[in-house]
J.: 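Pasting a structure below so you can have a look.
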Amino acid sequence: MNKFRMAREEVGLTQEQVAKMLSVDQSTVSYWESGDVKPRADKLPQLAKLYGCKIDDLFDDADRPA
């Protein structure tokens, strides 16, 4: 399972709730969770704060941004 989805589910939020909080479409959150696209760099701190984790926790070692 994708780490973005795992983190979201651990805090009990829906994709729609996350989308509203970050001012993005629900489909954008779905794309992040499917691995089709990565969140923009400016969204990563917001996601980490929302999910109560570090940015690095949202990525597998091979997928971490440089």
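Because only heavy atoms are used, hydrogens play no part in the values below, and waters and symmetry mates are left out as well, while side chains stay in.
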J.: Establish, from distance only, whether the side-chain atoms of Q26 and E16 form a donor-acceptor pair under 3.5 Å.
T.: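 There is no such pair between these side chains.
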J.: Report yes if the side chains of L50 and M21 come closer than 4.5 Å at any heavy-atom pair, otherwise no.
T.: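 Counting from C-beta outward, L50 and M21 do come under 4.5 Å.
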J.: Say you draw a straight line from CZ of R5 to CD of E10; how long is it, rounded to the nearest 0.5 Å?
T.: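 The CZ atom of R5 sits 12.5 Å away from the CD atom of E10.
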J.: Looking only at heavy atoms, what is the nearest atom pair of C53 and L58, with distance?
T.: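 Nearest pair, atom of C53 first, then L58: SG-CD2, 3.7 Å.
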J.: Show the numbers, then the answer: is there a side-chain contact (heavy atoms from CB on, under 4.5 Å) between W32 and V24?
T.: CA-CA 11 Å; W32 295 341; V24 298; 4.2 Å; yes
J.: Give the intermediate values and the outcome of side-chain contact (heavy atoms from CB on, under 4.5 Å) for residues N2 and S34.
T.: CA-CA 7 Å; N2 179 286; S34 70; over 6 Å; no
J.: Would you call D56-K54 a salt bridge at under 4.0 Å N-O?
T.: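 Judged by the 4.0 Å cut-off on N to carboxylate O distance, D56 and K54 do not form a salt bridge.
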J.: Where is the tightest heavy-atom contact between Q46 and L22, given as atom of each residue plus distance?
T.: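 Distance-wise, the nearest heavy atoms are CB-CD2, 3.4 Å.
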J.: Can you check whether P39 reaches L47 side chain to side chain, under 4.5 Å on heavy atoms?
T.: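 P39 reaches L47 side chain to side chain.
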J.: Measuring centre to centre across the rings, with the benzene-like ring taken for any Trp, is F4 within less than 6.0 Å of Y51?
T.: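 Centroid separation for F4 and Y51: 6.0 Å or greater.
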J.: Do E33 side-chain atoms and S30 backbone N/O form a donor-acceptor pair below 3.5 Å?
T.: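 No; zero donor-acceptor contacts below 3.5 Å.
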J.: Any chance you could measure I55, atom CD1, to K49, atom NZ, to the nearest 0.5 Å?
T.: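 NZ of K49 is found 12.5 Å from CD1 of I55.
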